[in-house]
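First comes the structure, then the notes that go with it.
Worth saying up front: this structure is predicted, and the values here are computed from it rather than measured.
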Amino acid sequence: KGRQESTEPEIEEAVLIWGNENFSHFIFQYLTRLAVCFKKPFLLYKPVLLKRGLPPSYVEWMKRLGFTKFIYADDWVRVKRLWVPSVCCYRGNYEDEFVYLSDYACHALRAKLLPEKKGPERVYLSRRRATHRRVLNEDELLAKLPGFTVVEMEGLSVQEQLDAVSNAKFIVLTVGGTSAITMFAPRDCTIIEMSNPYMVGTFGSTAWASILGQTFYRIHGKQVGDSSPRIDLDFTVDTELVRALIIVAEAMKTPKLSA
């Protein structure tokens with residue numbers, strides 16, 4: 001059909017940051033690439049080219065990194081001088097589960113964004129408001145997790161999201177859009193990620209744990225119903241297994257008395 005012509009006015013100069021609008025994808029595809037710009041500080045003063053309709057809360061994250069100018073456009077836009085930060089994350093297919101991550105981007109974002117530690121030490125990140133991939137026996141699970149603060153990320157400010165995890169010794173969560181937030185948890189945090197049997201990727205919490213040395217466990221629950229795509233199926237989780245992992249992790253964190 002030929003090349004589609006742009007209906008947008010030509011842009012003089014910009015830094016291109018584009019990607020999926022899921023929150024985890026935002027951290028992997030947007031924030032990590034912006035971290036590359038720290039190596040070329042003059043780019044902090046260039047306008048960032050973003051897809052029109054990007055959630056305003058995402059822009060607040062970018063402002064926290066020092067970016068102040070933003071241009072919004074749809075697909076097919078002309079730019080005279082375009083800066084394209086390198087891709088910092090890559091995931092292969094589900095067969096080999098190969099993952100490439102920039103540890104520089106991870107450490108640079110933590111250095112820029114981590115607040116003073118003042119949040120809860122035991123955190124449960126809930127997906128109860130989601131339409132899919134929910135833990136259907138969540139109430140039963142929470143009854144086995146005394147002392148855990150239940151956090152729903154929807155509607156929280158950037159600061160509130162960072163405060164929710166930055167002091168955590170334990171985080172229990174369901175794999176999904178909030179998984180990447182564990183990048184901002186302490187290095188000695190224990191992360192227990194729950195999923196249905198079909199979510200087997202190695203991004204999200206798994207990826208950051210491999211860089212930061214966090215203790216990571218993934219529990220596959222039992223699917224409820226059957227629909228497509230199966231990675232979005234709701235499920236139930238073995239609550240005793242979650243509780244047992246926390247007990248083991250607590251024991252590992254307890255300093256041993258020397259003889």
When hydrophobic residues are tied together by side-chain contacts of less than 4.5 Å, even through go-betweens, does Met252 share a cluster with Leu145? yes
Side chain Asn137, main chain Glu140, donor-acceptor under 3.5 Å: no
Write down the atom of Leu125, the atom of Ile171, and the distance for their closest heavy-atom approach. CD1-CG2, 4.1 Å
By side chain to side chain donor-acceptor pair (under 3.5 Å), which residues pair with Trp83, not counting sequence neighbours? Glu13
Go through the steps for Leu49 and Phe70 under the test side chain to side chain contact (heavy atoms under 4.5 Å, CB included), then give the verdict. CA-CA 6 Å; Leu49 178 57; Phe70 305 95; over 6 Å; no
Nearest atoms (heavy-atom pairs only) where Met194 meets Val135: CE-CG2, 3.8 Å
Can you check whether Val15 reaches Phe67 side chain to side chain, under 4.5 Å on heavy atoms? no
How far does CG of Leu141 sit from CZ of Arg243, to the nearest 0.5 angstrom? 12.0 Å
Closest approach of Ile219 and Val237, non-hydrogen atoms and distance? CG2-CG2, 3.8 Å
Is the backbone of Ser126 close enough, under 3.5 Å, to the side chain of Glu138 for a donor and an acceptor to pair up by distance? no
Measuring from Leu113:CG to Ile27:CD1, what's the distance to the nearest 0.5 Å? 9.0 Å
In the structure I gave you, are the side-chain heavy atoms of Ser205 and Val175 within less than 4.5 Å of one another anywhere? no
Contact check, side chains of Met153 and Arg129, non-hydrogen atoms, under 4.5 Å: no
Under 6.0 Å from the ring centre and within 45 degrees of the ring axis: does the NZ or CZ of Lys69 meet both conditions for the six-membered ring of Tyr45? no
With Ser102, which residues qualify under side chain to side chain contact (heavy atoms under 4.5 Å, CB included), at least two apart? Cys88, Tyr100, Tyr104, Ala105
Approximate separation, where rounding is to 0.5 Å, of Ile211 CD1 and His107 NE2: 6.5 Å
Return yes when atom CD of Glu116 has more than 12 non-hydrogen atoms of other residues, nucleotides or ligands closer than 6.0 Å, and no otherwise. no
Apply side chain to side chain contact (heavy atoms under 4.5 Å, CB included) to Leu173 and Thr178, showing your working. CA-CA 8 Å; Leu173 76 161; Thr178 60; 4.1 Å; yes
Shared hydrophobic cluster, Val87 / Leu16 (ILVMFWY, side-chain heavy atoms < 4.5 Å): no
Distance (rounded to the nearest 0.5 Å) between Lys39 NZ and Ser86 OG: 10.5 Å
Contacts of type side chain to side chain donor-acceptor pair (under 3.5 Å), residue Tyr30, not counting sequence neighbours: none
Other hydrophobic cluster members with Val224, side-chain heavy atoms of Ile/Leu/Val/Met/Phe/Trp/Tyr under 4.5 Å, chained? Leu136
Side chain proximity check, Glu250 to Phe170, heavy atoms < 4.5 angstrom: yes
Do Tyr72 and Trp18 make the cut of ring centroids closer than 6.0 angstrom? no
Leu101 and Val36: same hydrophobic cluster, using ILVMFWY side-chain contacts below 4.5 Å? no
Between Arg127 (side chain only) and Arg133 (backbone N and O only), is there a donor and an acceptor less than 3.5 Å apart? yes
Examine distances only and state if a side-chain atom of Ser24 and a backbone atom of Gly176 form a donor-acceptor pair shorter than 3.5 Å. yes
So, taking the atom named CG in Leu245 and the one named CD1 in Ile191, what distance separates them when rounded to the nearest 0.5 Å? 13.0 Å
Taking distance alone, no hydrogens or angles, what donor-acceptor pairs closer than 3.5 Å link side-chain atoms of residues 158-166 to residues at least two apart or in another chain?
from, atom 1, to, atom 2, distance (Å)
Gln159, OE1, Arg64, NH1, 3.3
Gln159, OE1, Arg64, NH2, 3.2
Gln159, NE2, Asp163, OD1, 3.0
Gln159, NE2, Asp163, OD2, 3.4
Glu160, OE1, Ser157, N, 2.8
Glu160, OE1, Ser157, OG, 3.3
Gln161, NE2, Leu156, O, 3.1
Ser166, OG, Leu162, O, 3.2

One should read off an interatomic distance between Leu34 CG and Met62 CE, to the nearest 0.5 angstrom, of 6.0 Å
Does the ring centre of Phe28 sit less than 6.0 Å away from the ring centre of Trp208? yes
Ignoring hydrogens and angles, tell me if any N or O in the side chain of Ser179 forms a donor-acceptor pair with the backbone of Gly204 under 3.5 Å. no
Can you give me the closest heavy-atom contact between His220 and Met199, atom names plus distance? NE2-O, 3.0 Å
Close side-chain approach of Asn20 and Gln29, heavy atoms under 4.5 Å: yes
Which pairs pass salt bridge (Lys or Arg N to Asp or Glu O under 4.0 Å) with one or both residues in residues 204-225, sequence neighbours excluded? Glu193-Arg218
Test side chain to side chain contact (heavy atoms under 4.5 Å, CB included) on Thr215 and Cys189 and set out the steps. CA-CA 6 Å; Thr215 300; Cys189 183; over 6 Å; no
How far apart are the C-alpha atoms of Phe184 and Trp61, what are their side-chain angles, what is the distance that settles it, and do they pass the ring-ring contact (aromatic ring centres under 6.0 Å, His included) test? CA-CA 13 Å; Phe184 302 106; Trp61 281 87; 5.8 Å; yes
Ignoring hydrogens and angles, tell me if any N or O in the side chain of Gln223 forms a donor-acceptor pair with the backbone of Arg230 under 3.5 Å. no
Check Glu12 with Arg81, please: is the shortest side-chain N to carboxylate O separation under 4.0 Å? no
Close side-chain approach of Phe23 to Ile181, heavy-atom, < 4.5 Å: yes
Tell me whether the centres of the aromatic rings in Phe148 and Tyr124 are closer together than 6.0 Å. no
Donor-acceptor contact present, side-chain Arg52 to main-chain Ile71, <3.5 Å: no
One pair to check against side chain to side chain contact (heavy atoms under 4.5 Å, CB included): Lys51 and Asp75. What are the steps and the verdict? CA-CA 8 Å; Lys51 187 174 181 63; Asp75 295 335; 3.4 Å; yes
Is any side-chain heavy atom of Gln214 closer than 4.5 Å to one of Asp188? no
Just by distance, do the side chain of Arg134 and the backbone of Arg128 share a donor-acceptor pair under 3.5 Å? no
Can you check whether Phe235's main-chain N or O pairs, donor with acceptor, with Asn196's side chain at less than 3.5 Å? no
Are any non-hydrogen side-chain atoms of Arg122 and Thr149 less than 4.5 angstrom apart? no
